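Have a look at the structure below, then the notes.
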Amino acid sequence: MKDFLIDIAELLEEEEIKEEDILEDFEEWDSLTILSIIAFSNEKYGTALSTIEINDSKTVGGLKKLIAGKM
Amino acid sequence: MKQINNPFSLEGKRYLITGAASGIGRSTSIILSEAGADLILVDINHEGLVETQKKCNPSDKLLVLDLANSSIIKKELLAVVMEFGKLDGFVHLAGKSYIAPLKIVNEEKCKDIFSLNTYAAIELAKTFINKKVYNGVNGSIVLISSVYGVVGSAANVGYAMSKSALHGITKSLAIELASKKIRVNCIAPGFVKTNMLDSASGMFDEKYEEKLNNLHPLGLGTPEDIAYSIVYLLSDASKWVTGSIFNIDGGFTAL
């Protein structure tokens, strides 16, 4: 998952993000971004995520842990 | 009493059905069998085809085929038709969904979806019009698109591309094949309760199904709702219908 932060930053249209950043604080955080993360994670890591799981993961680091736990 | 000819009967007719291993494809295969048709059941999933065949005619042929690989379609079909007999038509039900917002859409995935959902229909039609395949009279081709080939929806651009293209294909082929007595029509289904829908629903919250229901004044459909419209379009009851797009959607596109 070495490019994880770069990939998620691109989806969120941010220059740089940190693991402690709160997902819903990002300006681009909306239902389409959540769907983008679901599709991205499925294509890149072969994982099936739900909207609820992503919202529950709260932070960028939480999201990373969620995906890693399903790989 | 004089016997009334049933224009919906498919007795003695032969059709090829793609996507026959599950969902709408399986239900359609079963209902076409009940209407008297003999079938070539096509899918990439062999186990699913075997399950479908248990509810159809034992003499129906199974063909495991990756329809996304257009280079093998003609050869495989010709071989099975030689054994089975010439066809009266086909139904292209095989398809994949592609839920992806614009940011995440990629060319490779779009081509993959297009190959199966769309281009396979052209390759199947190309093979079907071959004299060795088509029986020569009252041919009928039915393509299956989606309400999302008719109306817009977020995160669906790749899928909408693949399904709306089927509408152009339907109209174009309807004109080109009319002189061969082949009708070409398309059904644009609303949301139907299938495994494909269940797996898509898993991506959303628990209110997703409720929201979907609200988009359909008559509620979500069943595979049989689509299958019966396919029977109509294959049968002689629709002998004056070609180039049409049928919205079979519980009122989705009426809203």
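The model shown is predicted, which means the values in this text are computed figures rather than measured ones. The chains referred to below are lettered A, B, ... by the order of the sequence lines, with proteins before strands, and numbering in each begins at 1.
Residue B:L102 places its CG atom among 12 or fewer non-hydrogen atoms of other residues, nucleotides or ligands, all under 6.0 Å distant. Counted within 6.0 Å of CD on A:E10, heavy atoms from surrounding residues, nucleotides or ligands total 12 or fewer; the atom is thus considered open. Under a cut-off of 6.0 angstrom, the local environment of NZ in A:K70 is crowded, with over 12 non-hydrogen atoms contributed by other residues, nucleotides or ligands. When the shell of 6.0 Å around CD of A:E24 is examined, it contains 12 or fewer heavy atoms from other residues, nucleotides or ligands. Residue A:K44 places its NZ atom among more than 12 non-hydrogen atoms of other residues, nucleotides or ligands, all under 6.0 Å distant.
Of the two parts of A:T33, only the side chain, counted from C-beta on, holds a non-hydrogen atom closer than 4.5 Å to a non-hydrogen atom of chain B. For A:E43, the part lying under 4.5 angstrom from a heavy atom of chain B is the side chain only.
Note that CG of A:L35 is 11.5 Å distant from NZ of B:K103, once rounded to the nearest 0.5 Å.
B:A154 and A:L32 make their closest contact through CB-CD2, 3.9 Å (heavy atoms, listed as atom of the first residue, atom of the second, distance). Of all non-hydrogen atoms in A:A39 and B:I99, the two that sit nearest each other are CB-O, 3.9 Å.
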